There are 2 protein chains.
Amino acid sequence: MPSSEPAHLFAALGDPTRLGLVTRLSDGSERSIVQLGEGLPMSRQAVAKHLDVLHGAGLLHRRKSGREVHYALRRDAIEAARGWLDQVNAQWDGTLARLKAMVEEGDG
Amino acid sequence: MPSSEPAHLFAALGDPTRLGLVTRLSDGSERSIVQLGEGLPMSRQAVAKHLDVLHGAGLLHRRKSGREVHYALRRDAIEAARGWLDQVNAQWDGTLARLKAMVEEGDG
DNA sequence: CTTTCATGCAACTATTTGGTTGCGTTAAAT
DNA sequence: ATTTAACGCAACCAAATAGTTGCATGAAAG
């Protein structure tokens with residue numbers, strides 16, 4: 001049950017290994033656990049755990065195919081995270097705009 | 001010494017309390033530790049630790065004024081995080097564009 | 001059918017994290 | 001000068017995290 005809450009999303013991204021996995025998947029492809037673990041200095045289970053964290057945060061799509069499990073990046077989750085950051089920026093801009101408007105109104 | 005590494009940045013944002021603090025600061029204002037802690041169900045020190053994490057990740061600017069310490073959001077850090085997410089999207093788009101180009105070239 | 005390979009599950013460990021409390025320091029207010 | 005308010009530092013604790021290993025299972029390949 002993916003959560004999609006911003007904090008959950010950012011927490012999942014807050015680890016170099018997981019960020020690397022997301023980067024690897026950023027071409028939109030699907031990969032198996034072993035494929036994603038290739039070259040990483042840790043056990044398969046460690047990689048599986050990381051993928052589970054990413055999946056739990058709603059960042060990955062999971063598909064079983066035979067004896068393999070394939071993960072793919074969920075673009076909407078990335079957009080959700082981006083959206084939160086945009087909102088922070090918007091709030092900032094909005095406040096400054098209102099401030100500017102007030103100053104100008106005061107001037108006129 | 002703020003790090004500004006993406007994983008460090010996301011990790012700092014990966015906690016509801018800290019996300020709330022960032023939201024509070026998203027109007028661009030400066031606030032003291034006690035001010036930022038008002039209404040939060042935890043001790044001042046807990047809040048101070050959270051602010052230190054955010055500052056350590058490069059997300060907050062810190063200014064001492066008399067006996068108070070004021071924190072403000074660093075917009076460039078927010079943009080850095082956003083930039084990383086944008087890059088993931090761009091990679092995705094790029095791959096799809098290349099794929100489409102290949103298909104079209106194959107068709108022509 | 002037997003073997004191999006990708007995975008899941010569970011136990012265990014060390015480190016990090018999010019929180020606490022107590023105390024000391026310094027700046028502001030009375 | 002004394003008190004109060006905002007902070008920093010350090011010790012401590014429980015829970016979560018990132019990793020390990022060993023073993024069981026189910027699908028593919030021989």
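Within every chain, numbering begins at 1; the chains are lettered A, B, ... in the order of the sequence lines, protein sequences first and strands thereafter. Keep in mind that the numbers below use all heavy atoms, side chains included, and drop hydrogens, waters and symmetry copies. Keep in mind it's a predicted model, so treat the numbers as computed, not measured.
- Nucleotide D:dA27 holds its P atom 15 Å from the NE2 atom of A:H70, rounded to whole Å.
- Rounded to whole angstrom, the span from the CZ atom of B:R62 across to the P atom of D:dC7 amounts to 10 Å.
- Between the NZ atom of B:K64 and the C1' atom of D:dA6 there is a distance of 11 Å, given to the nearest Å.
- Between the CG atom of B:L51 and the P atom of D:dA6 there is a distance of 15 Å, given to the nearest Å.
- Judged by distance alone, the side chain of B:S32 and the main-chain N or O of B:Q35 form a donor-acceptor pair under 3.5 Å.
- Within 4.0 Å of A:R31, counting heavy atoms only, lies no atom of the nucleic acid at all.
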>> Output one letter per nucleotide in nucleotides 11-20 of chain C: B when a protein non-hydrogen atom lies under 4.0 Å from the base, S when only the sugar-phosphate is that close, - when neither is.
In response: -------SBB
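- Checked for salt-bridge contact, B:R62 and B:D52 meet the test: a charged N lies under 4.0 Å from a carboxylate O.
- Put simply, the side chain of B:R67 and the base of D:dC7 share no donor and acceptor less than 3.5 Å apart.
- Using modelled atom types, one side-chain atom of B:R24 and one backbone atom of B:L36 make a donor-acceptor pair closer than 3.5 Å.
- A ring-ring contact (aromatic ring centres under 6.0 Å, His included) check over residues 72-99 of chain B, counting only residues at least two apart or in different chains, returns the pairs B:F10-B:W84.
- Note on residues 56-76 of chain A: no pairs pass ring-ring contact (aromatic ring centres under 6.0 Å, His included), not counting sequence neighbours.
- Here C:dA27 presents its P atom at 15 Å from CZ of B:R63, a figure rounded to the nearest Å.
- Classification of B:R75 and A:D93 as a salt-bridged pair holds, one side-chain N sitting under 4.0 Å from a carboxylate O.
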